[in-house]
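All figures in this text were calculated on a predicted structure; none of them were measured in a lab. Each ligand, and each atom within it, is numbered from 1 in the order the structure gives.
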Amino acid sequence: MAFLLNIFLLAVLVMIILLILSSYSTKKIQETTANGPRAYPLIGSTLSFNKNRRRLLQWYTELLRLSPSQTISIPLLGNRRTIVTANPENVEYILKTNFFNFPKGKPFTDLLGDLLGKGIFNVDGHAWSSQRKLASHVFSARSLRSFSFEVLKEEVENRLVPVLLAAADAGMAVDLQDVLKRFAFDVVCKVSLGWDPDCLDLTRPVNPLAEAFDTAAEISARRATEPVYAVWKVKRALNVGSERRLREAIRTVHVLVSEIVRAKKKSLEIGTGEEAKQDLLSRFLAAGHDGESVRDMVISFIMAGRDTTSAAMTWLFWLLSENGDVERKLLEEVDPLISLGLGFEELKEMSYTKACLCEAMRLYPPVSWDSKHAANDDVLPDGTRVKKGDKVTYFPYGMGRMENLWGKDWDEFKPSRWFDSKPGSTRPVLKPVSPFKFPVFQAGPRVCVGKEMAFMQMKYVVGYVLSRFEIVTVNKDKPAFVPLLTAHMAGGLKVKIKRREVMSHP
Ligand code: HEM
């Protein structure tokens, strides 16, 4: 105990020294080199890093624009060196060509390990590849697609639309981000567990699993922002402060999910209808997984699928409220399809809506950065030297804002950039874009397994909601983008809902 306390005090001392030093901001400290912020002996770039801690997205983006190969290197005191890249060739090398040299690594999996255990999202090597094989198999099944579509339809028609109708009739402002988060949590729990948390019933207290998940995800993500890495480990060992709250939240998640797993096993033994066998949990149990292994697997899916789609849709609704011409074009595409009933076939036709979603995620990616840790020394295609243990980050947020990748108009919301304008073609066709230039779903062997499900969900919700309602933002200021584990809009998206005057749907 005394040893741990000494380490803790030492860490606090180092932090105080760094804070004092960083307050003496000299011009020199702000200087940058072509490959990142200026580094000093011993302390590396720690001072500039600390100065920019609360605006890392913007700082990295600025530095990357100055770097000839859009790759920077940031050595830090008490932490491993970070290499950040917005270079598609480097991204391809990390995520695909030399995939096995860039696992998530222990420093990353430690952050989420208490919550996610050995689930797919948080493991490397054999533990990952065996779960990935099963997940890819399960996600390619038509039956899962049909089941998740039924879940989606039911949740939109019976939950989301009534909530929006009530808000419209009461003339009340609602936080659309919060509504979409609740919606996405319901959907992901129904698909993953076959269990309904009913989060869109706003008259009920917040669901304990949803609340515990939020707390656990937020505190786990904040571990990564500690200036000295060891600090959260010491707090965890002492079970104090945020680590104490994290431990309680994780316990709640584990207990509640384990109860659901037990109940599911019982219902499968009794053989309660085909319905009960459609969700991911039933499929993983049927494949022979059990105990903590199956609990961790489903927790990973809830984690991966819960806030990502809602974040993308929240930013798209805001962007549409600022770009009336784009919204009109989207409605031109959606209205005739809605009157046909918006099934799978109609969703495939929604290429303009897909372009709007991609454009929103280019500017506001739900996962703004993602890090790997080099297993061995390496050299990236642009010549950047990587040392064993270095943190190597690909950076979708910065990549979406590079002029050399998207042109001078990179900061405009322009869904038209996603189309090929082939002369003579009657219908614009979405053009293929390299996933290494646009890695919002990651790319390579570890590409998001729920990508197609996510597009299905987002197209359906955006089409269905916009064809029925006008969304009017209450606050006219530009909202702030907060990265954390999954990005969100600071303060939510306050909107007023109006029924649309002309409705072409049934
Ligand atoms: C707009 C929506 C989504 C975005 C932008 C997104 C993005 C991503 C990204 C960037 C990763 C890589 C994370 C990492 O390795 O650290 C990932 C992995 C993953 N995603 Fe998604 N995701 C979305 C929706 C979903 C949904 C709806 C599901 C399923 C219900 C899902 C399931 C997964 C799983 C299981 C992984 C881990 C894959 C592996 O490690 O092999 N995602 N996603």
Side-chain angles (χ1 to χ4, degrees), residues 91 94-95 99 102-105 108-109 111-112 116 118-125 127-139 144-145 147-149 151-152 180-181 183-193 220-221 224 279-281 283-284 296-316 354 357-358 360-362 364-373 391-397 399-400 435-436 438-462 483 485-488:
V91 176
I94 296 159
L95 297 183
F99 173 74
F102 295 97
K104 292 199 167 195
F108 181 98
T109 54
L111 297 173
L112 293 172
L116 299 183
K118 302 247 173 293
I120 182 170
F121 198 86
N122 209 47
V123 283
D124 289 313
W128 167 74
S129 59
S130 58
Q131 287 184 63
R132 177 74 194 199
K133 227 176 177 170
L134 175 61
S136 303
H137 174 70
V138 165
F139 269 73
L144 182 72
R145 197 183 65 168
F147 171 68
S148 24
F149 188 64
V151 164
L152 175 63
L180 291 170
K181 271 181 75 166
F183 163 82
F185 194 74
D186 276 2
V187 171
V188 80
C189 284
K190 286 186 190 174
V191 171
S192 306
L193 303 169
S220 301
D279 51 82
L280 294 176
L281 172 56
R283 291 167 197 253
F284 295 153
D296 289 352
M297 282 171 87
V298 286
I299 288 179
S300 257
F301 278 86
I302 298 174
M303 183 74 191
R306 82 196 175 111
D307 281 351
T308 38
T309 50
S310 56
M313 290 189 286
T314 301
W315 284 98
L316 176 58
K354 185 169 185 184
L357 284 161
C358 289
M361 289 190 284
R362 175 180 71 82
Y364 302 102
V367 180
S368 18
W369 44 39
D370 188 28
S371 298
K372 314 290 170 189
H373 290 86
K391 178 163 138 184
V392 182
T393 303
Y394 71 94
F395 187 39
Y397 179 90
M399 294 184 86
F436 305 105
F438 179 61
V440 292
F441 289 97
Q442 192 163 253
R446 256 192 126 143
V447 63
C448 170
V449 89
K451 180 178 166 188
E452 294 314 318
M453 190 184 278
F455 271 121
M456 173 176 91
Q457 188 186 116
M458 296 187 295
K459 282 180 183 175
Y460 190 85
V461 171
V462 170
L485 212 53
T486 310
H488 60 271

Notebook entry, point to check: Short N/O distance, under 3.5 Å, between K104 and ligand 1?
Noted result: yes
Check: Considering only the protein, which heavy-atom contact is closest to atom 38 (C) of ligand 1, and what is its distance?
Finding: R132 NH1, 3.4 Å
Notebook entry, point to check: How far apart are the closest heavy atoms of F139 and G450, and which atoms are they?
Noted result: CE2-CA, 4.0 Å
Next item on the list: Return the orientation label for the F99 and W128 ring planes: parallel under 30°, perpendicular over 60°, tilted otherwise.
Entry: tilted
Notebook entry, point to check: Below 6.0 angstrom between ring centroids: does that apply to F441 and F455?
Noted result: yes
Item checked: Nearest-0.5 Å distance that lies between atom CG in N122 and atom CG in L116 -> 5.0 Å
Note to self: Once you restrict to heavy atoms under 4.0 Å, what part of P366 touches ligand 1? Side chain, backbone, both or neither.
What the structure shows: side chain
Next item on the list: Could you find the nearest protein heavy atom to atom 28 (C) of ligand 1 and give me its residue, atom name and distance?
Entry: G450 CA, 3.6 Å
Check: So is F455 in contact with ligand 1, going by heavy-atom distances below 4.0 Å?
Finding: no
Notebook entry, point to check: Relative to each other, are the rings of F395 and W369 parallel, tilted or perpendicular (30° and 60° limits)?
Noted result: parallel
Check: Hey, looking at atom 5 (C) of ligand 1, which of D370, V440, V447 has the closest heavy atom?
Finding: V440
Item checked: The single option from V187, V462, V191, V151 passing side chain to side chain contact (heavy atoms under 4.5 Å, CB included) against Q457 -> V187
Check: Among A487, P396, G444, C448, whose heavy atom sits nearest atom 19 (C) of ligand 1?
Finding: C448
Next item on the list: With the side chain counted from C-beta on, respond yes when V449 and F301 share a heavy-atom pair under 4.5 Å apart, and no when they do not.
Entry: yes
Next item on the list: Looking only at non-hydrogen atoms, find the nearest pair between P396 and V440 and report the distance.
Entry: CB-CG1, 4.3 Å
Notebook entry, point to check: Among F139, F441, Y394, F121, which one has a heavy atom closest to atom 4 (C) of ligand 1?
Noted result: F441
Item checked: Qualifying residue for salt bridge (Lys or Arg N to Asp or Glu O under 4.0 Å) with D124, from R446, K372, K118, R132 -> R446
Check: Has ligand 1 got any nitrogen or oxygen that is less than 3.5 angstrom from a nitrogen or oxygen of R446?
Finding: yes
Checklist line | Proximity to ligand 1 by part of Q442, non-hydrogen separation under 4.0 Å | finding: both
Next item on the list: Look at atom 2 (C) of ligand 1 and say which protein heavy atom is nearest, naming residue and atom and giving the distance to 0.1 Å.
Entry: T308 CB, 3.5 Å
Notebook entry, point to check: Against heavy atoms of G305, which atoms of ligand 1 measure under 4.0 Å?
Noted result: 26 (C), 27 (C), 28 (C)
Check: Short list, please: which atoms of ligand 1 are under 4.0 Å from a heavy atom of F301?
Finding: 35 (C)
Next item on the list: Mind running ring-ring contact (aromatic ring centres under 6.0 Å, His included) on F436 and Y394 for me, showing each step along the way?
Entry: CA-CA 10 Å; F436 305 105; Y394 71 94; 9.7 Å; no
Next item on the list: Return the residue, atom name and 0.1 Å-rounded distance of the protein heavy atom closest to atom 32 (C) of ligand 1.
Entry: A304 CB, 3.4 Å
Checklist line | Contact partition for I120 relative to ligand 1, non-hydrogen atoms under 4.0 Å | finding: both
Next item on the list: Could you list which atoms of ligand 1 come closer than 4.0 Å to a heavy atom of V449?
Entry: 34 (C), 35 (C)
Next item on the list: Could you list the atoms of ligand 1 found under 4.0 angstrom from a heavy atom of A454?
Entry: 2 (C), 24 (C)
